[in-house]
Amino acid sequence: MQNTIGEIVKRTLLAQAISLAALPMVQAATSGDEAVSSQEPVLKSVTVTATRREESLQKVPVAVSVIDGEQLERDNRNGVASIVQQIPSLNFRTGASNKDTSLFIRGVGTISTSPGVEPTVATVIDGVVYGRPGQATLDLLDLDRIEVLRGPQGTLFGKNASAGVLNVVTKAPTEETHGYIDQSYYSGNESRTRFGIGGSLIPGTLKGSVTTLFGSYDGNVDNKLNGQEVNGYNRKGIRGKLEFTPNEDVTFTLAADYMQSRDDTPNGVVSKALTPAFASALAPVSAQSDSRKLSSDFRSHVDDINKGLSGQLDWKLGDYTLTSITAWRGWSNAQYQDGDRLGTITAAFPGTEDKGRLDYDQYSQELRLASPKGEFLEYVGGLFYMHGKDTETYQRTLITTTRQDRGVADYSTTNDSSSVFGEATFNFRPDLRLIAGLRWTHDELEYDHRRVSTSATTVSGIQPATSSSGSVDEDGKSGRLGLQYDLSDSVTSYVTYSRGYKGPAYNVFFNMQPRDTDALKPETSNTWEVGIKATSWNNRLTTNLAVFHSDYDNYQANFYDTVAGQVVTRLINAGSVSTEGVELDYALQATRNLKFSGALAYTKARIDSFQCPPGAAASCNVNGKTLPYSPDWKSYVRADYTIPLDNGLDIELGTDYSWQSEVQYDISQNPDTKQGAYGIWNASAALADYSNGWRVALLAKNLADKSYSPMLASGTGYIYRAVPRDDERYFGVQLRKDF
């Protein structure tokens, strides 16, 4: 490892050693007064399924961050994109359509709209792997918790995960009948209504739950051409569960969900004009770094339907547990985008209108067998199969002052992935364990592509007619090996080596050309991780530290290219990259009513050796530069304070602050696509009477009124930005009644 990571390891382990050395004195001081001890506040224990078993967060030898679902709902964080402020090692690339989004863990992710590439970060909801990243970026219903597992996770999860896993767990039905209604209003005419009810249908045998959502928001971007507000949404959805327990050995859970959404996120707001001519064409809007104005003659919006059905069988075979998860998911997405980002058509700046439609179906089957706990050998082994079929049509219309040209591409991809995976733990002693896991994956990927055009020659943004098809299959091996040692009953440490694998890919997109027909090689990685997890001060303080170093070969990434006079991104095997750093998660129950929590991450994600593609439209002199969407530093701090009143009421006060250093959004290191360091401060105050089942809260988001851009990208003659929901200060009120 480089000197930087070596110094960080030394300093952080030294700091942890000092804190552990002081631990006996702290414990002795706190245990001396039995009267105080009996009233001692403790942190709520956190259980995770990161190792495919329910275990304490403090005992699993994996770097995991956990966010409570109820807290997310109270903070108006309703989707994957909104949690990146709380998880410093997690980052998110937004887009005009959720189809164009992607997740990054420890600086590594894949930016591509191609259906022929698998996500670097796997998303798993209630045990079901989502094959495309855009499926999981809308509202998440009825959350119990979100677990973010960092580093390769292929030895325990059905689908391979080369950089990490976003494991979402929704609430299970309860035996007791319970319902609630939650109504929220926020600045900008945002309204959210949630209703849920559940309980026993056949006592002791069948219970169920159902949750619904209705949400709408006008938006925070003004279209000066027609006076409309955009960057809003209109969503409705439902999730239901039935849990059938015919006897104490068998549990079958049937889950179904449906989410329909219309988002009118603009295809970028121009934040900088690079030429006087474009600045003039943009009028009456002026390009500014904090602009929330546009002039568009074609309304960018997305119609999206996500739905699914799954059945999970948990069968106890003596002390063993057999789990089967059978699932189908369907996804329909129609996107309409203003490609020129202008309100008028001139000879110098023709108009571009894009329309895309995708239909995706996936079927998956997972079988797992878990051995009994407490034996010398404990293991989880499984089989996994997924079939995914994606069909897309994309149309681009070029409008000049004299004519119109149109290109239409129809393309599809089919992916079949089969794997055998497992991980074993050898308990040599109560305090010493060996961890060994292996995975074999077989991927089969094929595509078909056909484009027709009204022009026999190249016009701006549209290539002539072409067609191609191809197929590839690859076998991949990955695994994990490590040691876990308990320094005491409340402190565990571990060191692991993980081999990551990401399957082959095709760059299938509208302007696909003959040079794009070759398959990309699989991406592989080698990761070392050292971690320590400590619980101290009579279970009032937890500190989890992880130090890591990863090397990636045949890194699959987008780089800028020129196609038909327009700059586009092109998926390539970009070469070798590495990422290393330190992550800290902590929580402190200072008093019975006061809790502090937070996280800190230093991530040095760099390009080691870049392979420049022929005809690149940007400089390839990027060796040693940062990977996109990866700030070196990110942090999150939070404080929650409860004031009990004599009449049974509680006043709940909360505040949090997230901060990150400068981040580059473009792998070609465009100086205009850097977002400077910024911090976001939020606060809330609530009055609750839990004995009577009600709570009223006031929220203030981005109190310092700090504008920032979660995405900056370049067009021909300009830079454009994505505008987040909290790009300016806003307020809200929440009302909840349980019954």
Side-chain angles (χ1 to χ4, degrees), residues 26 29-30 33 35-46 57-58 65-78 82-83 85-88 143-146 180 182 184-186 534-544 584-600 634-659 679-706 726 729-738:
V26 173
T30 57
D33 187 345
V36 174
S37 175
S38 64
Q39 300 296 320
E40 195 75 36
V42 296
L43 283 168
K44 178 183 176 182
S45 61
V46 179
L57 172 65
Q58 296 306 109
S65 298
V66 181
I67 307 178
D68 179 72
E70 183 179 29
Q71 190 61 60
L72 285 174
E73 293 170 354
R74 291 182 175 185
D75 291 344
N76 196 33
R77 302 183 192 273
N78 307 297
S82 63
I83 70 173
Q85 292 179 356
Q86 291 183 248
I87 307 292
L143 283 181
D144 181 73
R145 66 183 182 275
I146 295 179
Y180 72 90
D182 190 317
S184 304
Y185 301 96
Y186 303 95
T535 302
S536 56
W537 203 11
N538 288 348
N539 294 325
R540 293 171 63 176
L541 174 65
T542 60
T543 51
N544 297 340
L584 174 68
D585 294 270
Y586 59 89
L588 169 64
Q589 194 71 48
T591 70
R592 184 173 298 278
N593 302 323
L594 178 61
K595 179 183 177 181
F596 297 101
S597 57
L600 173 68
K634 280 186 72 178
S635 66
Y636 176 77
V637 293
R638 182 183 186 93
D640 294 282
Y641 184 59
T642 302
I643 305 173
L645 302 179
D646 293 337
N647 54 5
L649 299 177
D650 289 322
I651 296 175
E652 298 173 341
L653 305 176
T655 186
D656 65 84
Y657 183 78
S658 58
W659 179 88
I680 301 296
W681 175 31
N682 307 309
S684 65
L687 180 66
D689 184 347
Y690 293 110
S691 61
N692 289 309
W694 61 264
R695 183 178 187 270
V696 179
L698 299 175
L699 280 77
K701 311 293 284 188
N702 192 1
L703 275 166
D705 203 24
K706 174 64 178 178
D726 60 350
R729 184 190 302 115
Y730 76 94
F731 301 92
V733 58
Q734 298 173 339
L735 304 95
R736 177 177 171 121
K737 181 68 175 76
D738 292 84

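Positions are given from 1, in the same order as the sequence printed here.
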Please identify each residue that fulfils side chain to side chain contact (heavy atoms under 4.5 Å, CB included) with Trp659, with sequence neighbours left out. Trp633, Ser635, Tyr657, Ser661, Ala677
Taking the side chain as every heavy atom from C-beta outward, state whether Asn544 and Gln58 have any atom pair closer than 4.5 Å. yes
When you compare the side chain of Ile651 with that of Leu645, does any pair of heavy atoms fall below 4.5 Å? yes
Can you check whether Trp694 reaches Leu687 side chain to side chain, under 4.5 Å on heavy atoms? yes
With sequence neighbours left out, what residues match Asp75 under side-chain hydrogen bond (donor to acceptor under 3.5 Å, both in side chains)? Gln71, Arg638
Under 3.5 Å, is there a donor-acceptor pair between the side chain of Arg729 and the main chain of Leu703? yes
What's the verdict on side chain to side chain donor-acceptor pair (under 3.5 Å) for Asp650 and Thr642, showing C-alpha distance, side-chain angles and the deciding distance? CA-CA 7 Å; Asp650 289 322; Thr642 302; over 6 Å; no
Counting C-beta onward and ignoring hydrogens, is there a side-chain heavy-atom pair between Lys706 and Ile680 closer than 4.5 Å? yes
To check you understand the geometry: which heavy-atom pair defines the closest contact between Asn593 and Pro644, and what is its length? ND2-CD, 3.8 Å
Could you report the tightest heavy-atom contact between Asp640 and Gly654, atom names first, then the distance? OD1-CA, 3.9 Å
Listed partners of Ala587 passing side chain to side chain contact (heavy atoms under 4.5 Å, CB included), at least two apart: Leu43, Thr542, Lys595, Ser597
Partners meeting side-chain hydrogen bond (donor to acceptor under 3.5 Å, both in side chains) with Asp689 (sequence neighbours left out): Ser691, Asn692
Measure across Asp656 and Arg77 and return the closest heavy-atom pair with its distance rounded to 0.1 Å. OD1-NH2, 3.4 Å
Residue Asp646 excluded, over 12 heavy atoms near CG under 6.0 Å: no
Pair Asp182, Gln734: side-chain N/O donor-acceptor within cut-off below 3.5 Å: no
NZ/NE/NH1/NH2 to OD/OE distance under 4.0 Å, Arg74 and Glu652: yes
Please tell me if the side chains of Gln85 and Asn682 come closer than 4.5 Å, counting only heavy atoms from C-beta onward. yes
List for me each residue that meets side chain to side chain contact (heavy atoms under 4.5 Å, CB included) alongside Phe596, sequence neighbours excluded, and say none if there are none. Leu588, Ala590, Leu594, Ala639
If I compare all heavy atoms of Tyr586 with all of Tyr636, which pair ends up nearest, and what's the gap? OH-O, 4.0 Å
To the nearest 0.5 Å, how far apart are CD1 in Ile83 and CG in Leu72? 7.0 Å
Are the side chain of Asn702 and the backbone of Asp726 linked by a donor-acceptor contact shorter than 3.5 Å? yes
Once rounded to the nearest 0.5 Å, what's the spacing between atom CD1 of Ile146 and atom OG of Ser65? 11.5 Å
With sequence neighbours excluded, residues passing side chain to side chain contact (heavy atoms under 4.5 Å, CB included) with Leu698: Val733
Could you tell me which non-hydrogen atom of Ala599 sits nearest to which non-hydrogen atom of Gln86, and how far apart they are? CB-O, 4.5 Å
